[in-house]
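One structure below.
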Amino acid sequence: MDTSSVAEWARANPAGRDALLALAERAVALQPAAEAGIQRCRPGPDQAGGAQDAAAVRDAYRSLRDHLGALGVEAAVAADLGELLGRHLDALEAALQGSAGDGLGPPAGRLVGLRDLLRRTVAVGGRPVSDVTPGV
């Protein structure tokens with residue numbers, strides 16, 4: 001994703017950026033629970049409640065995806081967020097169907113990166129965070 005185009009879009013659409021950032025923050029915060037739910041769906045003696053946990057996290061990701069759709073934000077970064085939410089949902093669905101795989105995998109890191117990219121576009125004193133705090 002082109003960082004400069006996201007920054008330009010964020011400057012022109014601060015409310016959209018704020019909404020996407022809030023969704024990305026919540027999605028990242030759910031990742032540990034998603035990983036735990038996926039792991040607990042695997043066969044084994046300590047896996048009781050795994051399906052229930054994974055289903056609850058899946059429902060939370062669905063809610064975020066639905067909220068993203070309701071926002072109607074037309075931007076590449078919104079499409080990327082939607083795709084990552086879909087990947088997380090796919091991993092949870094697979095776990096619930098008995099093919100847990102390796103967890104969230106690379107999309108988990110991509111989601112953190114997207115969240116961080118959105119964070120860097122937040123304005124502090126009228127300047128993007130990346131200008132105020134070099135290296136962020």
Side-chain angles (χ1 to χ4, degrees):
M1 174 177 302
D2 180 16
T3 303
S4 63
S5 66
V6 172
E8 290 171 19
W9 172 82
R11 272 192 298 279
N13 300 284
R17 186 262 338 275
D18 290 348
L20 291 183
L21 177 56
L23 282 173
E25 293 277 5
R26 293 191 338 233
V28 168
L30 284 171
Q31 286 186 151
E35 289 287 2
I38 290 168
Q39 296 304 316
R40 291 185 64 211
C41 281
R42 292 192 171 132
D46 297 325
Q47 309 311 342
Q52 184 178 2
D53 294 344
V57 178
R58 177 204 56 205
D59 293 346
Y61 275 114
R62 277 187 185 153
S63 176
L64 291 176
R65 186 191 59 193
D66 293 347
H67 187 75
L68 175 63
L71 289 174
V73 175
E74 297 292 326
V77 70
D80 287 348
L81 179 55
E83 187 256 328
L84 291 168
L85 292 173
R87 294 273 188 103
H88 282 49
L89 282 165
D90 291 345
L92 287 157
E93 287 291 345
L96 288 165
Q97 294 172 9
S99 56
D102 292 330
L104 297 175
R110 288 182 47 218
L111 181 60
V112 170
L114 185 137
R115 180 215 47 203
D116 291 349
L117 174 61
L118 288 167
R119 281 181 174 174
R120 289 190 303 270
T121 66
V122 173
V124 174
R127 295 170 43 201
V129 167
S130 57
D131 288 349
V132 176
T133 53
V136 172

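Quantities reported herein were computed from a predicted structural model and do not represent experimental measurements.
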Distance in Å, D53 CG paired with Q39 CD, rounded so as to fall on 0.5 Å steps: 12.5 Å
Ion pair present between D90 and R87, side-chain N to carboxylate O less than 4.0 angstrom? no
Check residues 14-24 and write down every donor-acceptor pair under 3.5 Å in which the side-chain atom is one partner and the other belongs to a residue at least two apart or another chain.
{"unit_1": "R17", "atom_1": "NH1", "unit_2": "T121", "atom_2": "O", "d": "2.7"}

Say you draw a straight line from CZ of R115 to CG of L84; how long is it, rounded to the nearest 0.5 Å? 12.5 Å
With a 3.5 Å cut-off and sequence neighbours excluded, list the donor-acceptor pairs that the side chains of residues 29-36 form with protein atoms.
{"unit_1": "Q31", "atom_1": "OE1", "unit_2": "H88", "atom_2": "NE2", "d": "2.8"}
{"unit_1": "E35", "atom_1": "OE1", "unit_2": "L104", "atom_2": "N", "d": "3.4"}
{"unit_1": "E35", "atom_1": "OE2", "unit_2": "L104", "atom_2": "N", "d": "3.1"}

Do any pairs count as a side-chain hydrogen bond (donor to acceptor under 3.5 Å, both in side chains) and have a residue in residues 56-73, sequence neighbours left out, and if so which ones? R62-E93
Between L111 and A27, which heavy-atom pair has the shortest distance, and what is it? CD2-CB, 3.6 Å
L81: which of L64, L118, L114 passes side-chain contact (heavy atoms from CB on, under 4.5 Å): L114
Do L89 and L96 share a hydrophobic cluster (ILVMFWY, side-chain heavy atoms under 4.5 Å, transitive)? no
Closest non-hydrogen atom pair, A95 against C41: O-CB, 3.5 Å
